[in-house]
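Because the structure is predicted, anything quoted here is derived from the model rather than measured.
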Amino acid sequence: MNKLIVLFLIGFISHSSVQAQFGYGKLEDVQQIQKVPLLVVLLSSNEKKVKKLSKKKNGNLEQYLADIDSYNTAVKNAFQNSWNFSTDIKYITSEELKEYNSKQNKDKYAYFRQLIDVGDIGNVFDHKGAITTYNYAIYLTGKRKPVYSHMYSTILPNEADFKLISQQIQGYLKARESLKTKEKSRKEILAEIKANAPLLKQKTLLIEEENLSKSVLQSIGELYKYPYKIVSRDEIDQAIISDAKDMAYLRIIPVGQVSENSGILKISNLIFMQYVINAENGEYLAYVTPSPLRLPGLAGALLNDNNDKMKKNDLLEIIEAIENGETQKF
């Protein structure tokens, strides 16, 4: 079970804004999700878009329909094989969701869906960022705010991506429940997190080359004394899908968007967390946050240091966590 709750809190200053992912739900909402059926909302083709694409014989219509089919197959497979927070899952279309998501059905169902927040470059008075972002959120029917929303880096997750998203949502729900109800206090959960990193001594850490800076590529063999492999994304995906017991992997995930308005245009960038994740169960073994914000010049600082690649200091932090049994403190 993923017991880590990372609270990445960034305030507003001058004309800068930050959009980040958080858990929104009350404890009773989390507990309700566990009791009711989960509706997984599939993608559907847009009639107007199909009509427009069908006028041209360039393969775009076929690709559009194939992407929808790929998304739906991936999310079905992932949730069938990984969702265990509740027992009943049903797959529905966005049109069917309108029928379920009514005042009469308030709290009778939970539902999972993709949210696309289209970036807005032109409106300098709007806090919306300039970059389009993709979130995967869980709600209770009849309520507007999600119980939890997980930002991710792609509009078309594959089965491994969806399995990771499912694991992280469930990790939040289970940790949220444990904090406020029964067996474990926040202090106890944090103590367990500190004990996770040394598990990497017995696991092979899988890393994509594109996630590493040049300095890490040049020094990882000298610095990282535990098993590791630089591999393709496909190999990491297979480890996730197969619940590989002897493997962990690095995944760099966006957690928010920082924007600054110059008065003429809007500048935005995504900010990232670096997670080392147990392939067997999706549990965090270690993590690295972006460097502390330097103010003023919030957006400028993050545009230069948004943690989208592992740098040498990031690697050293992971190594220290493994050796000392501690992840980065809050």
Quick one: are [X] and [Y] in side-chain contact, heavy atoms under 4.5 Å?
X: Lys203; Y: Glu280; result: yes
X: Ile253; Y: Met273; result: no
X: Leu38; Y: Ile138; result: yes
X: Met247; Y: Ile236; result: no
X: Glu159; Y: Asp237; result: no
X: Val147; Y: Leu173; result: yes
X: Val75; Y: Leu42; result: yes
X: Thr204; Y: Asp246; result: no

Using atom types as modelled and distance alone, determine if a side-chain donor or acceptor of [X] lies under 3.5 Å from a backbone N or O of [Y].
X: Lys90; Y: Pro37; answer: no
X: Gln168; Y: His150; answer: no
X: Ser213; Y: Met310; answer: yes
X: Ser149; Y: Asn135; answer: no
X: Ser86; Y: Asp88; answer: no
X: Glu222; Y: Ser219; answer: no
X: Asn105; Y: Tyr100; answer: yes
X: Asn101; Y: Leu97; answer: no
X: Gln114; Y: Ile155; answer: yes
X: Ser54; Y: Lys51; answer: yes

Practice problem: Assess the side chains of Ser166 and Ser82: does a donor N or O sit below 3.5 Å from an acceptor N or O? | Solution: yes
Self-check item: Lys52 and Tyr64 side chains, donor-acceptor separation under 3.5 Å
Solution: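 No pair is found: no donor N or O on one side chain lies under 3.5 Å from an acceptor on the other.
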[atom1] of [X] to [atom2] of [Y]: how many Å apart, nearest 0.5 Å?
X: Leu43; Y: Ile68; atom1: CG; atom2: CD1; answer: 6.0 Å
X: Asn58; Y: Leu53; atom1: CG; atom2: CG; answer: 7.5 Å
X: Gln170; Y: Asn281; atom1: CD; atom2: CG; answer: 11.5 Å
X: Lys309; Y: Asp314; atom1: NZ; atom2: CG; answer: 12.5 Å
X: Gln31; Y: Leu27; atom1: CD; atom2: CG; answer: 4.0 Å
X: Glu320; Y: Asn313; atom1: CD; atom2: CG; answer: 11.0 Å

So if you build clusters from Ile, Leu, Val, Met, Phe, Trp, Tyr with side-chain heavy-atom gaps below 4.5 Å, do [X] and [Y] land together?
X: Ile230; Y: Leu223; result: yes
X: Ile131; Y: Leu115; result: no
X: Tyr287; Y: Ile169; result: yes
X: Leu205; Y: Ile241; result: no
X: Leu164; Y: Trp83; result: yes

Quiz prompt | Name of the residue among Asn211, Asn158, Asp161 meeting side chain to side chain donor-acceptor pair (under 3.5 Å) with Arg233 | solution = Asp161
Compare every heavy atom of [Y] with every heavy atom of [X], then report the nearest pair and how far apart it is.
X: Leu250; Y: Val276; value: CD1-CG2, 4.4 Å
X: Ser45; Y: Val50; value: CB-CG2, 3.9 Å
X: Gly282; Y: Gln167; value: CA-OE1, 3.2 Å
X: Lys311; Y: Val216; value: C-CG2, 3.2 Å
X: Asp308; Y: Ile252; value: O-CD1, 3.6 Å
X: Lys76; Y: Tyr91; value: O-OH, 3.4 Å

Practice problem: Could you label the plane-to-plane angle of the Tyr111 and Tyr139 rings as parallel, tilted or perpendicular, counting under 30° as parallel and over 60° as perpendicular? | Solution: parallel
Quiz item: What class does the angle between the rings of Tyr284 and Tyr275 fall in, given that below 30° is parallel, 30 to 60° is tilted and above 60° is perpendicular?
Solution: parallel
Self-check item: Salt bridge Asp107-Lys35, side-chain N to carboxylate O under 4.0 Å
Solution: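 No.
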Quiz item: Are any of the side-chain nitrogens in Asp29 or Arg176 under 4.0 Å away from the carboxylate oxygens of its partner?
Solution: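 Salt bridge: no.
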Practice problem: In sequence, state the C-alpha distance, the side-chain angles, and the governing distance for Lys174 and Asn84, and then conclude on side chain to side chain contact (heavy atoms under 4.5 Å, CB included). | Solution: CA-CA 11 Å; Lys174 292 174 182 178; Asn84 56 35; 2.9 Å; yes
Practice problem: Dump the intermediate steps for side-chain hydrogen bond (donor to acceptor under 3.5 Å, both in side chains) on Asp67 and Gln63, then the final yes or no. | Solution: CA-CA 6 Å; Asp67 286 345; Gln63 186 61 54; 2.7 Å; yes
Quiz item: Is the Tyr224-Tyr226 ring centre distance short of 6.0 angstrom?
Solution: yes
Quiz item: Does Phe112 have its ring centroid less than 6.0 Å away from the ring centroid of Phe79?
Solution: yes
Quiz item: In this structure, are over 12 heavy atoms from other groups packed under 6.0 Å from Lys312 atom NZ?
Solution: no
